[in-house]
There are 2 protein chains.
Amino acid sequence: MNAHTLLAARFAEWQQAEFDSNLCPVRDVLDQIGDKWTVLILLSLVGQPRRFSAIQRAVPDVSKRMLTQTLRNLERNGMIVREVYPTKPPSVEYTLAPLAEDLLEPLAGLLRWAEANHARIHAARRQFDTAAAA
Amino acid sequence: MNAHTLLAARFAEWQQAEFDSNLCPVRDVLDQIGDKWTVLILLSLVGQPRRFSAIQRAVPDVSKRMLTQTLRNLERNGMIVREVYPTKPPSVEYTLAPLAEDLLEPLAGLLRWAEANHARIHAARRQFDTAAAA
DNA sequence: CGGAATCCCATCCGATACTG
DNA sequence: CAGTATCGGATGGGATTCCG
């Protein structure tokens with residue numbers, strides 16, 4: 001069963017029986033990974049746990065506020081584990097949970113597609129924009 | 001090369017040489033598919049072109065405003081083709097472009113993961129929330 | 001039918017300041 | 001060090017109205 005057939009079939013199923021797009025797994029996962037920092041933070045934790053400030057250095061643009069918020073949300077969803085070491089000053093280490101490890105595989109597929117095709121996308125954009133200018 | 005190694009390596013590369021997260025392909029694609037309607041609309045077009053109002057029926061909650069906006073954006077990115085038939089009243093048909101067809105494969109992987117694991121996510125959330133209540 | 005225009009609210013997110 | 005609290009601008013997105 002190829003991807004087309006599968007997706008078309010699943011979509012048809014979701015539509016049936018009072019389709020609630022907020023409950024749909026598609027949106028459930030896309031809402032999570034679609035935000036500004038989640039994926040970059042997850043990637044920074046691949047293969048190595050990191051402390052709060054180490055993540056902030058690895059993902060240069062993220063503010064403390066958004067880093068805290070995104071980490072909390074990831075922890076809530078069972079994607080990362082937060083461990084506090086009661087040293088002085090305190091240090092906190094974040095580790096990918098098995099759930100997130102499982103996510104890496106399909107995520108890698110998506111990112112491969114992104115790298116392979118973002119040139120095509122930008123070309124399409126330029127063409128569309130110059131056509132629209134007329 | 002497994003997904004972990006690949007992702008860690010790519011992430012390390014992106015970090016080097018004035019990493020601009022807005023330019024990074026990761027964000028480029030996630031910004032696109034992470035919004036509220038894009039993926040659902042793409043799925044509604046798998047295997048069959050549809051007209052504007054047919055898409056709206058297929059994706060029940062979308063407003064005309066957001067449908068128009070999302071379709072424009074998809075067209076701009078070369079993901080769909082818009083064809084106008086000058087009938088009266090006019091009819092407009094939308095078709096998946098090859099770029100979007102290519103995207104279906106990695107997207108299907110992600111959605112499979114979502115369906116397989118959203119129960120685990122909800123369980124983690126319940127546990128986190130009850131723990132936080134104390 | 002397939003939009004475009006306008007209004008408006010909700011939230012996202014960054015900047016800044018403060019804290020145990 | 002690893003946060004929390006607060007503010008305010010930008011953006012997302014729904015509802016409604018109008019149009020060729």
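Order of the sequence lines sets the chain letters (A, B, ...), proteins ahead of strands, with each chain counted from 1. For clarity, every value in this text was computed on a predicted model and none was experimentally measured.
The CD atom of E83(B) sits 17 Å away from the C1' atom of dC1(C) (whole-angstrom rounding). Rounded to whole Å, atom P of dG13(D) lies 13 Å from atom CG of D35(A). Atom pair D31(A):CG and dC12(C):P shows a separation of 9 Å (rounding to whole Å applied). Between the C1' atom of dG3(C) and the CD atom of Q56(B) lies a distance of 11 Å, rounded to the nearest Å. The OH-P distance, from Y85(B) to dC1(C), rounds to 17 Å in whole Å. Across the protein-nucleic acid pair, Q32(A) atom CD and dC12(C) atom C1' stand 15 Å apart, rounded to whole Å. Between the CG atom of L67(B) and the P atom of dG2(C) there is a distance of 10 Å, rounded to whole Å. Straight-line distance from the CZ atom of R82(B) to the C1' atom of dC1(C): 12 Å, rounded to whole Å.
One side chain, T5(A) or N2(A), offers a donor N or O that lies under 3.5 Å from an acceptor on the other.
A heavy-atom distance below 4.5 Å is not found between the side chains of L111(A) and L6(B). For the pair D28(A)/H122(B), a side-chain contact is recorded, criterion being any heavy-atom separation below 4.5 Å from C-beta on. Taking 4.5 Å as the limit, every side-chain heavy atom of E83(B) sits out of range of all side-chain heavy atoms of T95(B). Looking only at side-chain heavy atoms (C-beta outward), Y94(B) and I41(B) stay at 4.5 Å or farther from each other. The shortest distance between side-chain heavy atoms of L42(B) and F11(A) does not fall below 4.5 Å. Between I55(A) and L71(A), some side-chain heavy-atom pair lies under the 4.5 Å cut-off.
Contacts between residues 68-76 of chain A and DNA chain D, defined by a heavy-atom separation under 4.0 Å, are made by T68(A), R72(A).
For S53(A) and dA2(D), the shortest distance from a side-chain N or O to OP1 or OP2 is below 4.0 Å. Between dA2(D) and R51(A), a contact under 4.0 Å exists linking OP1 or OP2 to a side-chain N or O.
F128(A) and V92(B) are not part of a single hydrophobic cluster, where members link through side-chain heavy atoms under 4.5 Å apart.
For the helix from dC1(C)-dG20(D) to dG20(C)-dC1(D), the end axes, each set by the C1' atoms of five terminal pairs, are bent relative to each other by 40° (nearest 10°).
Annotation: the span from L110(B) atom CG to L103(A) atom CG amounts to 6.5 Å, rounded to 0.5 Å.
Using a cut-off of 4.0 Å between Lys/Arg side-chain N and Asp/Glu carboxylate O, R27(A) and D61(B) are scored as not salt-bridged.
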Handout entry: Footprint string (nucleotides 14-20 of chain C, 5' to 3'): B base within contact, S backbone only, - free, heavy atoms under 4.0 Å
Key = BB----B

Problem - Test log, rule side-chain contact (heavy atoms from CB on, under 4.5 Å), inputs R76(B) and D129(A) - result: CA-CA 8 Å; R76(B) 183 170 109 94; D129(A) 291 348; 2.5 Å; yes

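Looking at heavy-atom distances under 4.0 Å, Y94(B) makes contact with sugar-phosphate atoms alone, never a base.
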